[in-house]
Amino acid sequence: MLLVQHIRDHYDQVLLGLKKRNLVHADTALQQVLALDELRKSSQTQRDQLQAEANTISKEIGILMKEGKTVEATAVRDRSAVLKNQIKELEEQHEQAEVELKALLYTLPNVPYEAVPAGKSAEDNEIVLTHGEIPILPEGKLPHWELIKKYDIIDFDLGVKIAGAGFPVYKGKGARLQRALINFFLDQALAAGYMEVQPPILVNEDSGYGTGQLPDKEGQMYYATEDKLYLIPTAEVPITNLYRDVLVNVSDLPIKNVGYTPCFRREAGSWGAHVRGLNRLHQFDKVEVVQITHPDHSYEALEQMSSYVQGLLQQLELPYRVLRLCGGDMGFTSAMTYDMEVYSAAQERWLEVSSVSNFETYQANRLKLRFKGEDKKSQLAHTLNGSALALPRIVASILENNQGPDGIRMPKVLQPYLGFESI
RNA sequence: AGAGAGUUGGGUGAGUGGCUGAAACCAACAGUUUGCUAAACUGUCGUACGGGUUAUACUGUACCGGGGGUUCGAAUCCCCCACUCUCUGCCA
C-alpha cells in the first residue's frame, strides 16, 4: 500500500509511475487520496479539541462529586452531553474518511522503479540477457507430456481421480526427481546464507492482506470456508508474514529466509492453449527466497537474488533468459521484477520459472514491518522475494532438453540427490 | 468437540470505575565512576494520528487482544468475536 505522505511529497513522481502501469484514472485517484486525507486530518483536529474539553469536564465532575457539590456537578454534566453529540458526529466523519481512504489505497498498485521500462504487455518486457546453448534435439523429440507417459514418471490421470485436473501424481523416478530438486534448491540457498523455515501452508485473512493477495485476488486462492483459511499460492505469503507487526533491529538486516512449500492456485479462467502437461498446475512445488532489507540496499539485494537464481539455472545446465518486466506486465505489489525463463526445447518455448521482485515499502506498509535505525526512529523496511525455484517447468525443460535415444540424462548436480544418472 | 482460566508496554508482571499511559523488576540506551572488563549509581526509555516548529521544543487525541455497550468518566463493569493455556475426549 502506498504511503499518503509519499504521495503528498512526490506527487508528480507517483503519478508518472502509475501512468507507466497504464492506470487510467491515476490523476483522479491521487487527487481523491489527498482530499480524503485532508478531510481525515481536519475532522481529527476538531474532534481532538472537543474531546480535550470533555476530558477536562469529566475531571471537574469527579472533583465536585467528591466535595459533595452535586448541583454544580449536574450543571457541568449538561455541557458534557452537548459535547458528546458533537464529538460523535466528527468521529463518524473521521472514520468514514479513513475507511474510504484505505479502500482507495488498496486499489492503487506499487509505483514502478525508475529502471522499469514502459509498456503494456509481456511483448514489451526487456530481455536483459540470454544464457546457454539451445540444444538441438534429434528426430522424434517428444514434449514432456509425452515423455512422462513413455517413462511412466508423472501421471495426470491418476491425479484426476484423486483430486482433479492440474494435480499430478509423481511416481518412481519422477517423485525422486521432485525430492532431489527440492533438496538441491534448499541446500543451495543455505549455502548462500538463507535460513530455512517451514511455514504453514494455510494462512488467515490478515496474512493475505499483508502481502497483497487480498483484497482482489481471492478468486485465485483455494479457501477453506469452515475455518476461514486460504491455501497459499506461494510461500511468499506465510514467510513474509512472519514479519508482520514486527520491529526489527537495523543490525539484523538483511533477513534472508528460504522455504519449500507446495503452492496452490485455482488459475480460474487461465486455462487454454499452451497449458498442457506441467506448464500450468493447481498444485506445484516451489522453493522461495525472501529478503527483508534496509531501503538503501534493496536493489543490491534484488541483483543478488537475480544472480543467485541464474546460478541455479546454470548448474542445472538449462538455457535461460532474464527479463525485466515492463510497467504493464508487473505484479500489483512490485516495484521491479525480473522474470527468469528457461527454454524448453521440444515445445520450443520459453517458460517462466522464477520471478524475483522488490516490493520496496509496499508490503512493509501493510505488514507494519519496520526497523529501528541508528537515529532510533522506526521506518519501513523493504521486502523482496523470488522463486528459487518453481519445480514443474524446470522438470519439463530438463526432460525435454536432455532426452536422447537411451533415455533422459539428469543434470550432474542432481545425481548425488537422485541416486541415478538417467531416466 | 466439552468444561474452566486467561490475553496489560521489548520481556516478566501489578493494577476492579476518576490521583493510571499505566507500579515494580528485567532488558535496552545515555552519562558518572573505573587501568580494561564487570559491578554500582544517575537519567532516558511505548505506538499511532493530529496541532505546532526550518528542525527541535512544546502540545492534543487515541490505544491495556479486536469490536460494541453502560457511565459525566472504563485497563477496571456488561455483550459479541478472536486467540492462548489447563483438564476431559479424539488423534498423526
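To find a chain, count down the sequence lines: A is the first, B the second, and so on, and within it residues start at 1.
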Novice: Does the side chain of A/Glu360 come under 3.5 Å of the side chain of A/Tyr113 through a donor N or O and an acceptor N or O?
Specialist: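 No pair is found: no donor N or O on one side chain lies under 3.5 Å from an acceptor on the other.
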Novice: Could you tell me how the ring of A/Tyr194 sits relative to the ring of A/Tyr308: parallel (under 30°), tilted (30 to 60°) or perpendicular (over 60°)?
Specialist: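 A/Tyr194 vs A/Tyr308 ring planes: tilted.
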Novice: With rounding to whole Å, what would you report as the distance between B/G6 and B/U76 at their C1' atoms?
Specialist: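 It works out to 16 Å between them.
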Novice: Quick check: on RNA chain B, is the nucleotide nearest A/Ala54 upstream (toward 5') of the one nearest A/His94, or the reverse? Name the residue that is more 5'.
Specialist: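 On the 5' side of the pair lies A/His94.
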Novice: Nearest nucleotide by nearest heavy atom, which residue falls closer to the 5' end of RNA chain B, A/Glu95 or A/Thr45?
Specialist: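 Closer to the 5' end of RNA chain B: A/Thr45.
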Novice: Tell me whether A/Lys173 forms a cation-pi arrangement with A/Phe420, defined as NZ or CZ under 6.0 Å from the six-membered ring centre and within 45 degrees of its axis.
Specialist: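 Output yes; distance and angle both within limits.
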Novice: Distance between the C1' atoms of B/A22 and B/U12, in whole angstroms?
Specialist: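 About 16 Å, rounded to a whole number of Å.
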Novice: B/G17 C1' sits how many Å from A/Ile63 CD1, rounded?
Specialist: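 Roughly 16 Å, once rounded to whole Å.
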Novice: B/G60 pairs with which nucleotide, Watson-Crick or G-U wobble, both distances below 3.5 Å?
Specialist: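 Base partner found: B/C49.
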Novice: Select base, sugar-phosphate, or nothing to describe what A/Arg47 touches, counting heavy atoms under 4.0 Å on all strands.
Specialist: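 Result for A/Arg47 = sugar-phosphate.
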Novice: With a 4.0 Å cut-off on heavy atoms, is A/Ile57 in touch with a base, just the backbone sugar-phosphate, or nothing at all?
Specialist: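 A/Ile57: no heavy atom of the nucleic acid under 4.0 Å.
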Novice: Considering only B/U61, B/G50, B/A48, which nucleotide approaches the side chain of A/Asp48 most closely?
Specialist: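 Nearest nucleotide to the side chain: B/U61.
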Novice: I'd like the C1' distance from B/U71 over to B/A75, given in whole Å.
Specialist: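 Comparing C1' positions in B/A75 and B/U71 gives a spacing of 16 Å.
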Novice: Round to a whole Å and report the spacing from CG of A/Asp227 to C1' of B/C83.
Specialist: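 In whole Å, B/C83 C1' lies 14 Å from A/Asp227 CG.
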Novice: Considering every strand shown, what is the Watson-Crick or G-U wobble mate of B/U16 when both distances are under 3.5 Å?
Specialist: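 Result: none.
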Novice: Considering every strand and a 4.0 Å limit on heavy-atom distances, what is the contact class for A/Gln44: base, sugar-phosphate, or nothing?
Specialist: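 Contact class for A/Gln44: base.
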Novice: What is the separation between atom CG on A/Asp206 and atom C1' on B/C83, rounded to the nearest whole Å?
Specialist: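 Those two atoms, CG and C1', are 12 Å apart.
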Novice: B/C19 P sits how many Å from A/Glu60 CD, rounded?
Specialist: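 In whole Å, B/C19 P lies 15 Å from A/Glu60 CD.
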Novice: Is there a Watson-Crick or G-U wobble partner for B/U44 with both distances under 3.5 Å, and if so, which one is it?
Specialist: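 Its partner is B/A28 (Watson-Crick or G-U wobble, both distances under 3.5 Å).
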Novice: For the P atoms, the ones on B/A5 and on B/U42, what distance do you get once it is rounded to whole angstrom?
Specialist: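 Between the two P atoms, the distance is 43 Å.
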Novice: Determine the interplanar angle of the A/Tyr106 and A/Tyr209 rings, folded into 0 to 90°, and report it as parallel if under 30°, tilted if 30 to 60°, perpendicular if over 60°.
Specialist: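 A/Tyr106 and A/Tyr209: tilted rings.
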Novice: With a 4.5 Å heavy-atom cut-off, do A/Pro411 and A/Ile398 have their side chains touching?
Specialist: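 When only atoms from C-beta onward are counted, A/Ile398 and A/Pro411 do touch, with a gap below 4.5 Å.
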Novice: Within less than 4.0 Å of OP1 or OP2 of B/G73, is there a side-chain N or O belonging to A/Lys84?
Specialist: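 A/Lys84 to B/G73 OP1/OP2: side-chain N or O found under 4.0 Å.
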Novice: Could you tell me how far B/C45 sits from B/C26 if I compare only their C1' atoms? Round to whole Å.
Specialist: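 So the two C1' atoms sit 13 Å from each other.
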Novice: For a quick test of reading the model: is some side-chain N or O of A/Arg40 closer than 4.0 Å to OP1 or OP2 of B/U61?
Specialist: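 Indeed not, no polar side-chain atom of A/Arg40 lies that close.
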Novice: With a 4.0 Å cutoff (strictly under), does any side-chain N or O of A/Asn55 reach OP1 or OP2 of B/U61?
Specialist: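 It does, given that an N or O in the side chain of A/Asn55 lies less than 4.0 Å from OP1 or OP2 of B/U61.
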Novice: Let me know the distance between CD of A/Gln379 and P of B/A48, rounded to the nearest Å.
Specialist: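 Rounding to the nearest Å, CD of A/Gln379 and P of B/A48 are 12 Å apart.
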Novice: Checking A/Phe359 against A/His382 for the ring pair (Phe, Tyr, Trp, His ring centres under 6.0 Å) test, could you report, in this order, the C-alpha distance in whole Å, the side-chain angles of both residues, the deciding distance, and whether it holds?
Specialist: CA-CA 7 Å; A/Phe359 304 95; A/His382 281 193; over 10 Å; no
Novice: Just name whichever nucleotide pairs with B/G65, Watson-Crick or G-U, keeping both distances under 3.5 Å, else none.
Specialist: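 Partner of B/G65: B/C81.
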Novice: Taking any heavy-atom pair under 4.0 Å as a contact, classify A/Ser80: base, sugar-phosphate, or nothing.
Specialist: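 The answer is sugar-phosphate, as A/Ser80 gets under 4.0 Å only of primed atoms, P, OP1 or OP2.
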Novice: Tell which nucleotide pairs with B/U86, taking only Watson-Crick or G-U wobble pairs whose two distances are both under 3.5 angstrom.
Specialist: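 Partner of B/U86: B/A3.
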Novice: Rounding to an integer number of angstrom, what distance separates B/U47 and B/G10 when you compare their C1' atoms?
Specialist: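 After rounding to an integer number of Å, I get 12 Å for this pair.
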Novice: For B/C36, what is the paired nucleotide under Watson-Crick or G-U wobble rules, both distances under 3.5 Å?
Specialist: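 When the pairing criteria are applied, nothing turns out to pair with B/C36, so the answer is none.
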Novice: For the P atoms, the ones on B/U59 and on B/U44, what distance do you get once it is rounded to whole angstrom?
Specialist: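 So the two P atoms sit 15 Å from each other.
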Novice: Write down the distance between CD (A/Glu92) and C1' (B/A62), rounded to a whole number of angstrom.
Specialist: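 Spelled out: CD on A/Glu92 to C1' on B/A62 is 17 Å.
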Novice: Nearest to the side chain of A/Arg370, which nucleotide is it out of B/G50, B/U61, B/A48?
Specialist: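 Out of B/G50, B/U61, B/A48, the nucleotide with an atom closest to A/Arg370's side chain is B/A48.
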Novice: Rounded to whole Å, how long is the line connecting atom CD of A/Gln51 with atom C1' of B/C63?
Specialist: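 Checked: the CD to C1' distance equals 13 Å.
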Novice: Could you identify the nucleotide paired to B/U70, looking across every strand shown and requiring Watson-Crick or G-U wobble geometry with both distances under 3.5 Å?
Specialist: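 Answer to the pairing question: none, since B/U70 forms no Watson-Crick or G-U pair.
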Novice: With both distances kept under 3.5 Å, what pairs with B/U54, Watson-Crick or G-U wobble?
Specialist: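 Paired with B/U54, as far as the under-3.5 Å criterion goes, is no nucleotide at all.
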Novice: Would you mind reading off the distance between A/Glu53 atom CD and B/A62 atom P, rounded to a whole angstrom?
Specialist: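 It works out to 14 Å between those atoms.
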Novice: Assign the ring pair A/Tyr222 / A/Phe264 to parallel, tilted or perpendicular, where the plane angle (0 to 90°) is split at 30° and 60°.
Specialist: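 Because their plane-to-plane angle is over 60°, the rings of A/Tyr222 and A/Phe264 count as perpendicular.
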